[in-house]
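Okay, so here's the structure we're looking at.
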Amino acid sequence: MPSPIIAIPADTRELDGYNWHATPHQYVNAVVKGTGATAIIIPALIEGNDFDAILDRVDGVMLSGSRTNVYPTLYGREVNESDAPFDRPRDATALELIRRTIDRGIPLLAICRGIQELNVALGGTLESEIQDKPGNWDHRRPDVPERDRMYAIRQKVHVKEGSCIAGVLGTGEFEVNSLHRQAIGETAPRLAVEAVADDGTIEAVSVIDAKNFAVGVQWHPEYWVESDATSARLFKAFGNAVKAYAAARRWSSRSFTRR
Ligand SMILES: N[C@@H](CCC(=O)NCCCC(=O)O)C(=O)O
């Protein structure tokens, strides 16, 4: 049985004078080790991606984190250069892919920038420099050279009873990492808040009335997927939804060829 396929929209990066479509290894590794699926990277294009051609062939979509921020005009705000860096091709690819993925009922996991894209794609807004809000904790990436310390597990999130994530992790407090300076401001109408930090920052959402697994988290479960139980359980649940979708997709394509 071929493995299911999970699509990851790339970031655009300039390296050695070339423009690249790339995603950090931690996301690809989490797909392979956390779900058992195969990861494919989707180019980030302002236009030119055939989303139906992509979504006809995948069994899950995962949105990675990124240092870049969603372009403010996409959620009705003026551009403030302090919100840079931006990645407009990533925005154009991710937002449309999210909407179509949800419409089709393909399993979706949105991480960090991904939960922010999910909220914007469904009509919500973002807040910037949340660490500057009175009473807020500093959620930014720790200013240390080692990535394991950047992604250290260091904050509590409170998962709401009866939520989709509670069905995966359980209800109550969980320790997670934190590397962001933006967060959900106005929650999109189709999103349910599922976990918050001690300072009220939204840390997880799910799509209301989703046809399948459709979850966003502000933290980074991919980074410690091989060693942290909370991270592993989230990817296991995503992987189960992806495998079930793949089996159904394969069956429906087989019944089509049988006629
Ligand atoms: N840019 C957004 C989203 C943050 C995010 O996805 N962080 C992951 C990358 C971490 C890093 O390597 O800096 C925000 O800041 O809120």
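A quick note: this is a predicted structure, and the numbers were derived from the prediction, not measured. First listed ligand is number 1; within each ligand, the first listed atom is number 1. All heavy atoms count here, side chains included; hydrogens, waters and symmetry mates do not. Counting from 1, the numbers follow the sequence of the chain as shown.
- Among protein heavy atoms, the minimum distance from atom 15 (O) of ligand 1 is reached at Arg181 N, 3.0 Å.
- Between His180 and ligand 1, no pair of N/O atoms sits closer than 3.5 Å.
- From Arg88, atom CZ reaches atom CG of Leu45 across 14.5 Å, with rounding to the nearest 0.5 Å.
- A donor-acceptor pair shorter than 3.5 Å can be found between the side chains of Glu222 and His220.
- Around CD of Glu47, the count of heavy atoms belonging to other residues, nucleotides or ligands within 6.0 Å does not exceed 12.
- Looking at atom 7 (N) of ligand 1, its nearest protein heavy atom turns out to be Leu179 O, 3.0 Å.
- Residue-ligand proximity, His220 to ligand 1, at heavy-atom distances under 4.0 Å covers atoms 7 (N), 8 (C).
- Within the structure, the closest approach of Trp219 to ligand 1 does not fall below 4.0 Å when heavy atoms are considered.
- Residue-level proximity to ligand 1 for Ile111 is absent, since no heavy atom of it falls below 4.0 angstrom.
- Comparing heavy-atom distances from atom 5 (C) of ligand 1 across Ala183, Cys112, Ser178, Gly65 singles out Cys112 as nearest.
- Residue Gln116 places a heavy atom under 4.0 Å from ligand 1.
- Under 4.0 Å from ligand 1, the heavy atoms of Arg141 that appear belong solely to its side chain.
- Of the residues listed (Asp228, Asp148, Asn29), the one engaging Tyr223 in a side-chain hydrogen bond (donor to acceptor under 3.5 Å, both in side chains) is Asp148, and it is the only one.
- At a threshold of 4.5 Å between non-hydrogen side-chain atoms, the residues Trp137 and Arg154 count as touching.
- Close approach to Tyr151 involves these atoms of ligand 1, each under 4.0 Å from a residue heavy atom: 9 (C), 10 (C), 12 (O).
- Looking only at protein heavy atoms, the nearest one to atom 6 (O) of ligand 1 is Ser66 N, 2.7 Å.
- Residue contacts with ligand 1 for Phe86 are absent, since no atom lies close enough (heavy atoms, distance under 4.0 Å).
- Under 3.5 Å, the side chains of Arg249 and Tyr245 contain no donor-acceptor pair of N or O atoms.
- Contact analysis leaves Gln218 out of contact with ligand 1, as no non-hydrogen atom separation drops below 4.0 angstrom.
- For atom 16 (O) of ligand 1, the closest non-hydrogen atom on the protein side is Gln182 N, 2.8 Å.
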List the steps and the verdict of salt bridge (charged side-chain N to carboxylate O under 4.0 Å, His left out) for Arg190 and Asp209.
-> CA-CA 8 Å; Arg190 267 205 78 183; Asp209 298 335; over 6 Å; no

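- For Arg140, no heavy-atom contact with ligand 1 is shorter than 4.0 Å.
- Protein heavy atom in closest approach to atom 12 (O) of ligand 1: Arg67 NE, 3.1 Å.
- The closest side-chain donor-acceptor pair between Tyr71 and Asp83, if any, does not fall under 3.5 angstrom.
- When the side chains of ILVMFWY residues are joined at heavy-atom separations under 4.5 Å, either directly or via intervening members, Ile202 and Val120 end up in two distinct hydrophobic clusters.
- Screening Leu118, Asn69, Asp87 for a side chain to side chain contact (heavy atoms under 4.5 Å, CB included) involving Arg113 leaves a single residue, Asp87.
- Partner Arg181 forms a side chain to side chain contact (heavy atoms under 4.5 Å, CB included) with one of Arg141, His139, Glu127, Arg140 and no other, that one being Arg140.
- The Thr68 neighbourhood of ligand 1 comprises atoms 1 (N), 2 (C), with distances under 4.0 Å to a heavy atom of that residue.
- Atoms of ligand 1 lying under 4.0 Å from any heavy atom of Asn69, numbered from 1 in the order shown and given with element: 1 (N), 2 (C), 14 (C), 15 (O).
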